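All of these numbers come straight from a predicted model, not from anything done at the bench. Naming: A, B, ... by sequence-line order, numbering from 1 per chain.
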Number of protein chains: 2
Amino acid sequence: MNHERRVDMPYKAFTLPRGMRDIDQIETAKREWLFDKIARVAEKYGFQRVDPSPIEKLETLEAKSGPAIKDEIYCFKDKAGRDLGLRFDLTVGMTRMVASRRDLPQPIKLYAISGMWRYDEPQFARYRYFHQWDMEIYGSESTLADAETISASMDILEELGLHEYEVLINSRVLMDSFLASLKLNSEDQRMEALRIIDKVHKIPREKVVEEFKGLGVNSDCLERLLEFTSMKGPPEKILEELDSYEVQGHLMLKGLDALKSLVDDLKAYGKLSKCFLNMGVVRGIDYYDGIVFEAYDKGGEDVGAILGGGRYDKLGLIYGGTALPATGVAGGVERLMISLDRRGLFPKIDVSPKAYVTILNDQVKAQSIALAQLIRRRGVSCDLELKNRPLKKQLEYADSMGIPYTLILGPREMEKDAVRIRDMKTRRETLVPMRSLEEWIKKIRG
Amino acid sequence: MNHERRVDMPYKAFTLPRGMRDIDQIETAKREWLFDKIARVAEKYGFQRVDPSPIEKLETLEAKSGPAIKDEIYCFKDKAGRDLGLRFDLTVGMTRMVASRRDLPQPIKLYAISGMWRYDEPQFARYRYFHQWDMEIYGSESTLADAETISASMDILEELGLHEYEVLINSRVLMDSFLASLKLNSEDQRMEALRIIDKVHKIPREKVVEEFKGLGVNSDCLERLLEFTSMKGPPEKILEELDSYEVQGHLMLKGLDALKSLVDDLKAYGKLSKCFLNMGVVRGIDYYDGIVFEAYDKGGEDVGAILGGGRYDKLGLIYGGTALPATGVAGGVERLMISLDRRGLFPKIDVSPKAYVTILNDQVKAQSIALAQLIRRRGVSCDLELKNRPLKKQLEYADSMGIPYTLILGPREMEKDAVRIRDMKTRRETLVPMRSLEEWIKKIRG
């Protein structure tokens, strides 16, 4: 066999590629808990779970974000020369799915929790392989659908015990028309301006000024822009300020109306107190074209937004050829886990089996196996000695595995038709008659 | 925005790459049910769940199966020129993980349920993107560990209601020494012979003869080989036949002893009645070097083995540089789902929310939203009208979504402090006072 021929070669460690990671036992158990919470909230809101293909045609990935996306994702040719790419989010796949399924009633609410890849520089809270939860509503133009996703997102955070957060909301329509009023006449200019606004707090002031100058924004306009994008606060207050804002126009009014209607809806959801309007929030993704929002864990802003989303009515049109209004939200699982860890919000995670059955010698082996099987059949997780070690080593092993009870079935115990049960914490041993074993199992099953 | 510029281009459908697939709402719900069953059995046996990275260095994937694996998997260079590949199973990743974690107590039992990719020709029950469940035990050389994985695998099938299956067992050590007795002196020859044996039932007899001739097996030896590999039956019977078999030798006896010991263990597990020894079963994977086994759904053999596994003591040595005995089992999720579907073993899958709240007009909108939120808070899945349609259309929608109850809150109902609840099946409507709503919710929550 190939590997047999290799064992005499000098040993080299096999490591993961840069930015990739395994998810170990403890983290998997935490994720199971987390995903279950997210799934419950999503399903209470009527979202149905799907899992789109992790591999897409490159053109599908580019359709959303333009050919520049190629630099940021994993893409490659398959053996037949097809250009493929690994998904960088779940929205593309879900939108392509729905756009190709005209048989589905609308609106249709879908969610997914799954892994994806981006060719980013690995850094704190950013990996090349990461996971997102994602909820999308297809087929409704109403701001009520936006409110529904925002409310569901907030309920996820509340359900996880993460109560200290803020949801920051804006409208791309409003921003776009405001930017047009600054004589940024082409859509490309406005899109570039949004990209600069998105990173205003991450780059030095001079750089911001310089980049806007490069776009042809004069210093008067720049001042107005920076003033506008620094507007933030409770919804009613900001709506009032926007109402009295000098620049108006059809689209700006449309954007403002959408914000007002959204705020009304969020009030009905009982969710307004943690929502804020913030004209500096634009989301750094090209395809949004309506309400946009993101949420931050208060005091944990260094991980970035813990969720973000918005409306993207035009994306479905590309994938399906007919109108498909859409709005959704996604959050990074790894970032969320950092927030939950910091606040101690994960429950105590225990992946150890509850019981361990020793095997003392070949004479009691069959009975010991049968004992483990009995315990398992009764629904209690149970491990079994698999290495034929001395009893002392078996007990040490059970200890190192964090198993709370060891069941010892030796010839003496068998003579008495009983089993010796050792509480690994107290080291106390009790002889339990076989006829009372079911009771003991019931007790530790809880 | 890029996609806005594209909407006036002629429409083209965006499809998935060949062999790829999305998992839709119904299939996802079936999988959730299936994965939960598998997870419960695995955890009862003390297996702990992990999820190794889907992307590996190509050299890691090749270490297991040689450079030829490149033709069968998705591999590519990343932007830094690294050779990477998408995993083709879960065993490689788990073994690499454990080999690099010398801090873990041994034995360590891990399981995973996840997706993987192979560049196969897509055909019935074979996709380029598919899923496996996989249980592995690292750190035990004992056949008891093999018995433990076989027993756990069988319990998974039983738990799923799939009672009609057969587990076919053999030993690679036995086969290897038998092949050596036929003057197949080099390991490469014997490995090639195993590959031919693995497909004996899939290719015409003449082709088998021809391929063995090509290996230098004369017709006398070929006859003995075909006779040997056709030995199959209940373990005790075959062990007896093997005992009296003319060819003997150190390794053959070692293989025979392992089979005997495994059969004893399986008897203790209460699992022997569905187990058979079958000298024609060799598993088509290079790295096995001990017990091998596979299981077939009786009457559903066309999907191939529904699970398979065995011992691969030498693989961990490659990844970790020191001995790491290992044995495990994996099964294809898609194949298993075909078997379960054919036998009608999936429960009734219902992904629809339980309730639907209408919105009749803007005057009752806030109260309708609040009603939906109340129902959700009480743990009942509930959808809400998001398109501002006439009531008739709202009811049609609820119907098309398979939602059993619609809650109508109009001005008249509000006057009476009540809600009208329509049973969508019987079309009967009941006026339920708000004070009795909690009772109704409790009833439908079940």
side-chain contact (heavy atoms from CB on, under 4.5 Å) between A:Tyr45 and B:Leu384, worked out: CA-CA 8 Å; A:Tyr45 274 79; B:Leu384 178 67; over 6 Å; no

Under 4.5 Å from any heavy atom of chain B - which part of A:Leu374: neither

Aromatic ring proximity A:Phe47/A:Tyr111, centre distance under 6.0 Å: no

B:Tyr74/B:Trp117 aromatic ring centres below 6.0 Å: no

Partner set under salt bridge (Lys or Arg N to Asp or Glu O under 4.0 Å) for B:Lys365, not counting sequence neighbours: A:Asp265

Which atoms of B:Ile403 approach chain A - backbone, side chain, both or neither, heavy atom under 4.5 Å: neither

B:Asp71, part contacting chain A, at a heavy-atom distance under 4.5 Å: backbone

Contacts of type side-chain contact (heavy atoms from CB on, under 4.5 Å), residue B:Ala80, not counting sequence neighbours: A:Tyr119, B:Asp78, B:Arg82

Intermediate values then yes/no, side-chain contact (heavy atoms from CB on, under 4.5 Å), B:Arg376 and A:Val41: CA-CA 8 Å; B:Arg376 290 165 175 170; A:Val41 173; over 6 Å; no

B:Ser100 versus chain A, the contacting section by heavy-atom distance below 4.5 Å: neither

Segment of B:Leu110 engaging chain A (4.5 angstrom heavy-atom cut-off): side chain

Contact class of B:Arg190 relative to chain A, heavy atoms under 4.5 angstrom: neither

Contact class of A:Arg49 relative to chain B, heavy atoms under 4.5 angstrom: both

Toward chain A, the part of B:Ile359 with a non-hydrogen atom under 4.5 Å: side chain

Lys/Arg cation over aromatic A:Tyr127: A:Arg21, 6.0 Å, 45° cone: yes

Engaged part of A:Asn388 at the chain B interface, taking heavy atoms whose separation is under 4.5 Å: neither

Structural part of B:Ser151 lying under 4.5 Å from a heavy atom of chain A: side chain

A:Val351 portion near chain B, given a 4.5 angstrom heavy-atom threshold: both

Face-on cation placement of A:Arg389 at A:Tyr397 ring, 6.0 Å and 45° thresholds: yes

Contacting moiety of B:Lys271, where chain A heavy atoms sit under 4.5 Å: side chain

Contact origin within B:Lys267 toward chain A - heavy atom pairs under 4.5 Å: neither

